[in-house]
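Order of the sequence lines sets the chain letters (A, B, ...), proteins ahead of strands, with each chain counted from 1.
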Amino acid sequence: MSERLRAELARVARTFGDDVTFTLERPRDPSHGDLATNLAMQLARRDRSNPRVMAERVIAALDPSAAMLAGVEIAGPGFINFRLAADTLAQEFQRLLSDGPQYGRSRTSEPRRINVEFVSANPTGPLHVGHGRGAALGDGIAALLEWTGHEVTREFYVNDAGVQIARLAESLWARVQQSAGRPAEIPEGGYHGEYLKEAAAELLQREGEGFADLEFAEGLARCRAAILAIQRAEQDGTLADFGVRFDVIASEQEVYDHGEVAAAIARLQDAGLTFEEDGALWLRASAFGDDRDRVLRKSDGSYTYLVPDIAYHLNKFRRGFDHAIDVWGADHHGYIPRMQAALKALGLPDGWLDVALVQLVRVVRGGEEVKMSKRSGDFVTLRDLYEEVGVDAARYWFLMRRSDSHLVFDIELAKSRSDENPVFYVQMARARMSGILRNAGRAPEDVTGAIDLGVLGADDLGLIKKLTQFPETVERAAREHEPHRITTYLDDLARMSHGWYHTSRVLGESPAVEHSRLLLARGARQVFGNALTLLGISAPDRM
RNA sequence: GCGCCCGUAGCUCAGCUGGAUAGAGCGAUAGCCUUCUAAGCUAUUGGCCGCAGGUUCGAGUCCUGCCGGGCGCGCCA
C-alpha cells in the first residue's frame with residue numbers, strides 16, 4: 001500500500017542528492033496520519049539546515065497524485081505525515097479478497113536460490129525438544145522466503161561418518177552378542193539405551209541367528225548400516241508427523257566418498273592457507289576473522305569435524321545456491337567464526353552463509369521444570385511433546401519468541417483450551433469468523449462485492465487496517481529471518497478480532513452494514529488462514 | 001581471562017534499517033457483558049528500558065566501560 005509513496009519519496013530524495021536513506025512507516029499515533037517519513041530530517045542532518053524548512057521543500061517537490069495522497073503535513077521536529085486517499089484502504093481490502101490464499105505473497109525484485117539447512121541431528125537417538133524448535137524455525141524461515149518469491153531448498157545434513165556413529169554401531173554389536181547369549185560389554189563411551197536392545201533383537205530375527213557369528217568387521221559394518229537406517233527412519237517420521245519435510249538429505253559419509261573432503265583440503269593447501277605444526281595440518285583461520293588457527297588434520301591422520309563441514313558447504317555452493325542459511329543450536333555459536341573464516345579463505349562471497357541460532361528450550365509442566373536427562377528417563381522427545389500438546393501448539397510455541405531468546409515451554413498451558421493459550425486464542429478468533437459466515441448460510445467465497453467503509457465504525461476500520469498490514473509483515477519477517485513476527489502479528493490480530501466480535505454485530509444489522517461486515521469476516525478468516533498455513537499450523541473452522 | 005547472546009511493568013515477552021507520549025498478555029483492583037461458539041470488554045495499577053558515559057536535532061535501539069545471567073573457548077562432534 002505504501003510502495004507508490006515510497007517510490008515517489010525516493011524520486012524526490014534523488015533530486016536532493018542520491019546518498020540519503022529514509023524511513024516510511026506507520027506512526028503509532030493515528031493522529032499522525034497513515035504514514036510518516038523522516039526524509040526531511042535526514043536531508044537537514046546532511047546539510048545542517050532546518051528540518052522543517054527542508055520538509056516544505058520536500059513537499060513542494062512531491063507529486064500528490066503519484067502517491068494517492070489526501071493530505072500532507074509537517075509535524076514535530078520535521079516529520080512529514082501523510083494521509084492516504086480514503087479509498088486506498090478499501091482498495092487494499094478488495095485486493096485481500098481477490099488474492100485469497102495468495103494474499104501476503106510477494107515477488108522480491110531480487111529472487112535468489114536459497115538453501116536452508118536445519119535440524120541436522122546426529123543419527124544417534126531420537127529428536128529432542130531443542131530439535132523441534134530448530135525444525136519450526138528452519139521451516140518457518142523457508143516458508144517466509146518462499147512467500148516472498150525466493151526458491152528454497154530445505155536440507156538436512158546427517159553426520160553419519162563420525163566417531164559417534166561408530167560407537168553406536170559397536171554398542172549395537174555388543175547387544176547382538178548379548179542377545180545371542182554371549183558375554184559382551186558396551187564399549188567405553190558407548191550407548192546404553194534400551195532401544196539398542198530392541199534393535200539387536202529385531203536384527204537377529206530378521207537376519208537369523210547366524211548374524212551373531214559374523215566376523216567382527218562384517219558384523220560391525222552391518223550393525224552400522226542397520227542402526228543408521230533405523231535412526232534416520234525414526235527421525236524422518238518424527239519430522240514428517242510434525243509437518244516438516246526436507247528436499248535434500250545430505251550425508252557426511254557421501255561427502256567423504258565422493259572425494260570432496262580430500263579436494264577441500266587440497267584446495268586450502270594450494271591456496272597457501274594451511275601450515276604444518278606438531279604433526280598436524282592447520283588452517284590459518286586467524287587471518288580470516290577467527291581468534292586462532294584451527295586444526296584440519298590431526299596428527300593421527302584423521303580429520304577434524306571442520307573439514308567435512310567445509311567440504312559440505314562448498315558442495316552447497318557448487319550446487320548453485322546464492323545464499324545459505326544454517327540453523328544451529330546456540331551452544332555451537334563458537335563454531336561460527338571458524339566456519340566463516342574457512343569459507344572466506346576459499347573465496348566465497350561475504351555473507352553467503354548466514355547462521356541462525358536457536359536458544360535452548362526449558363520445558364515446564366505446571367510450574368515445575370522437567371529435567372532433560374537421558375539417564376533418568378524423563379527425557380522429553382519431540383514426539384512426546386507434540387503427541388501431548390498437539391502439533392499446532394508445539395509449532396506455534398516454538399515460534400512465539402525470537403529464536404535467540406530462551407524459551408519456556410509450558411506443557412500444561414499449551415494443552416489448555418483457554419484464552420491463556422495463545423494458539424487456541426488465535427485459532428478461536430478465526431473459528432469465530434467462520435462461525436459468522438456459517439450462521440449467515442454463506443460460503444466465504446460467495447460473500448462478494450465492494451466493502452463500504454462509510455457505514456462501518458472505528459473497530460471495523462482498525463481491524464481492516466491490521467489485516468492489510470499482513471503483506472508487509474511477511475516481507476519484514478522474511479527479510480529478517482524472523483518467523484516470530486508472524487506469531488506476534490497473529491496475537492495482535494486475534495485480540496482485535498475478539499474485540500470486534502463483541503462490539504460489532506454482523507447478522508441482523510442493516511443490509512449495508514451486514515454486507516460489509518460479512519466481507520470483513522471473510523477477509524479476517526482469510527488472513528488468519530494464510531498466516532497459520534505459512535507457519536505450518538492448521539486453521540480449523542470450528543474449535 | 002577472551003568471545004558470543006541476553007538484561008524492557010510483579011511474571012512471560014513485543015518494540016519496525018535510530019523517530020513523535022516505551023507496548024501487549026498474564027497477575028492484581030473495580031465495573032460491565034452472558035453473546036453470530038464460553039474462553040469477551042472497559043478502567044485502574046504498574047517502567048531511572050541493568051548501571052555509567054559518549055555519538056545525534058532525536059537513543060530501549062548505535063559506540064565504550066562496568067554489573068548480572070546463559071553459552072562457548074579441544075589434534076571432541
Side-chain angles (χ1 to χ4, degrees), chain A residues 21-29 31-32 36-38 41-42 44-45 48 50-52 75-79 81 122 124 159 161-165 189 252 277-282 290-292 294-306 308-309 329-337 357 359-360 400-408 410 413 416-422 424-425 428 431-440 469 472-473 476-477 479-480 482 484-485 487-489 491-492 494-495 498-509 514 517-518 521 542-543:
Chain A
T21 61
F22 62 91
T23 61
L24 179 65
E25 57 189 21
R26 293 167 191 279
R28 264 193 290 273
D29 184 342
S31 73
H32 292 142
T37 182
N38 66 349
M41 289 185 285
Q42 295 296 340
R45 164 183 226 161
R48 297 208 154 273
N50 183 326
R52 293 189 66 108
F79 288 101
N81 294 340
N122 281 331
T124 51
N159 295 122
V163 296
Q164 295 304 322
I165 192 75
E252 181 184 7
E277 193 175 292
D278 303 331
L281 183 71
W282 297 68
D290 200 357
D291 315 338
R292 48 169 296 186
R294 303 289 173 179
V295 171
L296 295 170
R297 193 180 57 223
K298 299 179 250 178
S299 50
D300 70 2
S302 66
Y303 294 119
T304 59
Y305 180 78
L306 181 61
D309 222 11
D331 53 340
H332 288 85
H333 73 257
Y335 193 70
I336 297 173
L357 295 178
Q359 276 293 349
L360 304 183
M400 274 196 319
R401 307 290 181 229
R402 284 177 28 205
S403 63
D404 56 5
S405 73
H406 294 268
L407 178 71
V408 177
D410 188 329
L413 192 53
S416 75
R417 292 175 61 78
S418 82
D419 62 334
E420 290 172 38
N421 178 349
F424 186 82
Y425 187 73
M428 185 66 197
R432 283 186 148 166
M433 299 297 172
S434 297
I436 292 169
L437 295 164
R438 193 164 54 237
N439 286 329
Q469 286 169 21
E472 66 202 61
T473 304
R476 170 114 194 143
R479 196 163 59 240
E480 307 288 341
E482 292 183 337
H484 82 273
R485 290 174 183 279
T487 50
T488 302
Y489 171 83
D491 197 54
D492 285 346
R495 194 172 337 107
H498 284 299
W500 174 82
Y501 181 84
H502 281 263
T503 60
S504 312
R505 183 100 194 158
V506 179
L507 304 182
E509 294 290 309
E514 181 177 298
R517 287 197 173 141
L518 280 172
R542 295 172 190 267
M543 296 298 290

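Between A/E252 and A/G162 the shortest heavy-atom distance is OE1-N, 4.0 Å. The two residues A/R517 and A/R505 come nearest to each other via the heavy atoms NH1-O, 2.8 Å.
Taking only side-chain nitrogens and oxygens, A/K298 never comes nearer than 4.0 Å to OP1 or OP2 of B/G74. Using a 4.0 Å cut-off, some side-chain N or O of A/S405 falls inside it from OP1 or OP2 of B/A14. Contact annotation: A/R485 reaches the phosphate of B/G15 (side-chain N/O to OP1 or OP2, under 4.0 Å). Between A/H484 and B/G15 there is a side-chain polar atom (N or O) within less than 4.0 angstrom of OP1 or OP2. Note on A/R401: every side-chain N or O is 4.0 Å or more away from OP1 and OP2 of B/C6. Dashed line: the shortest gap from a side-chain N or O of A/R402 to OP1 or OP2 of B/C6 is under 4.0 Å.
Here, B/G65 and B/G27 have their P atoms 43 Å apart, quoted to the whole Å. The C1' atoms of B/G15 and B/A52 are separated by 24 Å, rounded to the nearest whole Å. With both ends at atom C1', the span from B/U44 to B/C51 equals 32 Å, rounded to whole Å. Distance noted for atom P between B/A30 and B/U35: 25 Å (whole Å). Atom name C1', nucleotides B/C4 and B/C11: the rounded distance is 27 Å, in whole Å. A gap of 37 Å separates the P atoms of B/C71 and B/U55, to the nearest Å. Taking atom C1' in both B/C49 and B/A43, the straight-line distance is 26 Å, to the nearest Å. Separating the P atom of B/C32 from that of B/G70 is a span of 48 Å, rounded to the nearest Å.
For A/H333 against B/G3, a side-chain N or O and a base N or O form a donor-acceptor pair under 3.5 Å. A/S299 contributes a side-chain N or O that forms a donor-acceptor pair with the base of B/C75 under 3.5 Å. In the interface, the side chain of A/N38 is not paired with the base of B/A20 through any donor and acceptor atom under 3.5 Å apart.
When the P atom of B/C2 is taken as reference, atom CG of A/D290 falls 18 Å away, rounded to whole Å. Between the P atom of B/C13 and the NE2 atom of A/H406 lies a distance of 9 Å, rounded to the nearest Å. Atoms CZ (A/R297) and C1' (B/C75) sit 12 Å apart, rounded to a whole Å. One interatomic measurement links the two molecules: CG of A/D404 to P of B/C6, which rounds to 5 Å at whole-angstrom precision. The CD-C1' distance, from A/E25 to B/G15, rounds to 12 Å in whole Å. Put simply, CD on A/Q359 is 15 Å from P on B/U12, counting in whole angstrom units. Between the OH atom of A/Y305 and the C1' atom of B/G74 there is a distance of 16 Å, given to the nearest Å.
Residue contacts for A/A440: at a heavy-atom cut-off of 4.0 Å it reaches no nucleic acid atom on any strand shown. Among the atoms of the strands shown, none is found under 4.0 Å from any heavy atom of A/Y489. Residue A/D309 is out of contact with every strand shown, counting any heavy-atom pair closer than 4.0 Å. Within 4.0 Å of A/E509, counting heavy atoms only, lies no atom of the nucleic acid at all. As judged by a 4.0 angstrom heavy-atom cut-off over every strand, A/N122 is placed among residues touching the sugar-phosphate backbone only. Using a 4.0 Å heavy-atom criterion, one finds that A/A36 contacts the bases of the nucleic acid, with or without backbone contacts as well. Heavy atoms of A/A330 sit under 4.0 angstrom from primed sugar atoms or phosphate atoms, though from no base atom. Among the protein residues, A/M428 comes within range of the nucleic acid bases, having at least one heavy atom under 4.0 Å from a base atom. Within the nucleic acid shown, A/S504 comes within 4.0 Å of at least one base atom, counting heavy atoms only. Counting non-hydrogen atoms under 4.0 angstrom, A/A521 reaches nothing in the nucleic acid. Residue contacts for A/Q469: at a heavy-atom cut-off of 4.0 Å it reaches no nucleic acid atom on any strand shown.
Side-chain proximity of A/Y501 to B/C75, B/G19, B/C36: nearest is B/C36. For A/Q164, whose side chain is taken as the heavy atoms from C-beta onward, the closest listed nucleotide among B/A77, B/C36, B/A20 is B/A77. Nearest to the side-chain atoms of A/P77 among the listed nucleotides B/G19, B/C5, B/A77 stands B/G19. The side chain of A/H332 has B/A77 as its nearest neighbour among B/A77, B/G19, B/A24. Among the nucleotides B/G19, B/A14, B/G40, the one closest to the side chain of A/Y425 is B/G40. Distance from the side chain of A/V408 is smallest to B/C13 among B/U35, B/C13, B/G19. Comparing B/C13, B/C75, B/A20 against the side chain of A/V295 picks out B/C75 as the nearest. When distances run from any side-chain atom of A/R45 to the nucleotides B/A14, B/C75, B/C57, the shortest one goes to B/C57. Closest to the side chain of A/T488, from the set B/C75, B/U37, B/A14, is B/A14.
The nucleotide B/G19 finds its pairing partner in B/C57, both defining distances of the Watson-Crick or G-U wobble pair being shorter than 3.5 Å. Look at B/G47: it lacks any Watson-Crick or wobble partner with both distances under 3.5 angstrom. With a 3.5 Å ceiling on both atom-pair distances, the Watson-Crick or G-U wobble partner of B/G31 is B/C41. With both pairing distances under 3.5 Å, B/C26 is matched to B/G10 as a Watson-Crick or G-U wobble pair. Under the Watson-Crick or G-U wobble criterion, with both distances below 3.5 Å, B/G74 has no partner in any strand shown. Nucleotide B/U64 has B/A52 as its partner under the Watson-Crick or G-U criteria, with both atom distances under 3.5 Å.
Contact check for A/L357 versus A/D404: no side-chain heavy atoms found under the 4.5 Å cut-off. Contact of the A/Y425 side chain with the A/R495 side chain is registered, since non-hydrogen atoms from C-beta on lie closer than 4.5 Å. With contacts defined as side-chain heavy-atom distances shorter than 4.5 Å, the pair A/F79/A/P77 qualifies. In this structure, A/Q359 and A/R401 have side chains that are not in contact, with every pair of non-hydrogen atoms separated by 4.5 Å or more. With contacts defined as side-chain heavy-atom distances shorter than 4.5 Å, the pair A/D309/A/Y303 does not qualify. The closest side-chain heavy-atom distance from A/N159 to A/I165 is not below 4.5 Å. The shortest side-chain heavy-atom distance between A/L306 and A/R294 falls under the 4.5 Å cut-off. Between A/L437 and A/M433 there is no side-chain heavy-atom pair separated by less than 4.5 Å.
Of the residues near RNA chain B, A/H502 and A/S403, the one whose nearest nucleotide (by heavy atom distance) lies more toward the 5' end is A/S403. Between A/L357 and A/R505, it is A/L357 whose nearest contact on RNA chain B lies nearer the 5' terminus.
A stacked arrangement is assigned to A/F79 and the six-membered base ring of B/A20, with a centre-to-centre distance below 5.5 Å and an interplanar angle below 30°. Stacking of A/H32 onto the six-membered ring of B/A20 is present: less than 5.5 angstrom between centres, less than 30° between planes.
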